[in-house]
Amino acid sequence: MKLLPPQGAAFVVLCIDVVVIVFGFLTGSPMLPRAANVVLTVISIAVLFGTLLWSKGGFGYDSIPSMWRLLRRRLPVWLIVAATIAFWGGIFLFAYPLLTVTDFGSLDETANQRGWTGLAAAFASGSLFYAGIGRRAADSP
């Protein structure tokens, strides 16, 4: 299956997010400066809005099972699994420090990077899913 242009952009951003997160876990030091992490998140949000504009918004399903059928037609199963892990993992990496740390000044640079990159991964994987559902909705009568 060939990825659609918004899905390709979201996939590239998601791959960058994964590299940054894995590098931070393995080395214990941040891979990118703080500003680059914020830019990566902004790019992920821009990809999501671009996907919404490209697919003209809206959904083409009436239930959760029909949504998954549409998604499986547009994305390979391995990409659905990877994007699901990236979405929920990104939400966890972003929310965990917010829920557990009382002094945000005590967060080290690596934890801060994981939070921003996790948020970017959640937006990018959401873009992957939405492009699959939205494009099929545009194609269906």
Side-chain angles (χ1 to χ4, degrees), residues 1-140:
M1 267 177 232
K2 187 174 188 272
L3 294 179
L4 301 170
Q7 290 172 323
F11 185 69
V12 168
V13 171
L14 195 56
C15 289
I16 293 169
D17 292 337
V18 168
V19 168
V20 169
I21 290 170
V22 169
F23 182 87
F25 275 121
L26 293 179
T27 64
S29 63
M31 180 177 179
L32 300 173
R34 182 176 299 191
N37 295 316
V38 175
V39 168
L40 192 58
T41 303
V42 170
I43 289 171
S44 296
I45 293 170
V47 167
L48 180 62
F49 282 124
T51 303
L52 287 169
L53 291 174
W54 182 79
S55 65
K56 297 180 179 77
F59 298 106
Y61 65 91
D62 53 358
S63 65
I64 298 296
S66 66
M67 177 189 72
W68 288 113
R69 278 193 299 276
L70 286 172
L71 195 57
R72 281 196 312 255
R73 275 192 239 149
R74 193 64 225 152
L75 290 174
V77 174
W78 68 269
L79 193 53
I80 293 172
V81 171
T84 302
I85 292 169
F87 180 77
W88 291 109
I91 289 174
F92 175 77
L93 287 174
F94 179 72
Y96 182 74
L98 294 176
L99 298 174
T100 59
V101 175
T102 57
D103 180 22
F104 288 105
S106 68
L107 278 177
D108 65 338
E109 196 67 30
T110 307
N112 188 19
Q113 176 174 288
R114 280 194 302 263
W116 281 104
T117 310
L119 184 62
F123 277 113
S125 57
S127 299
L128 265 172
F129 287 140
Y130 186 77
I133 296 168
R135 180 62 179 166
R136 281 296 173 188
D139 289 346
S140 62

Within the side chain of [X], is there an N or O that forms a donor-acceptor pair under 3.5 Å with the backbone of [Y]?
X	Y	answer
T110	G24	no
T41	W116	yes
S125	A122	yes

Grab the two heavy atoms, one from [X] and one from [Y], that are nearest each other, plus how far apart they are.
X	Y	value
S44	A120	OG-O, 3.1 Å
V13	A124	CG1-CB, 4.0 Å
L14	A121	CD1-O, 3.7 Å

(message) Can you tell me how far apart CG (L48) and CD1 (I43) are? Round to the nearest 0.5 Å.
(response) 14.0 Å
(message) Could you measure the distance from the CD1 atom of I21 to the CD1 atom of I16? Nearest 0.5 Å is fine.
(response) 12.0 Å
(message) Would you say that V47 contacts F123 through its side chain, given a criterion of any heavy-atom pair below 4.5 Å between the two side chains?
(response) no
(message) Can you pull out every side chain to side chain donor-acceptor pair (under 3.5 Å) where at least one residue sits in residues 7-36? Sequence neighbours excluded, please.
(response) T27-S29, R34-E109
(request) Can you sort out the partners of A36 under side chain to side chain contact (heavy atoms under 4.5 Å, CB included), two or more places apart, ordered by chain and number? (result) L32, P33
Let me check something: any side-chain donor-acceptor pairs from residues 81-97 under 3.5 Å, sequence neighbours excluded? List them with distances.
residue: T84; atom: OG1; partner: I80; partner atom: O; Å: 2.7

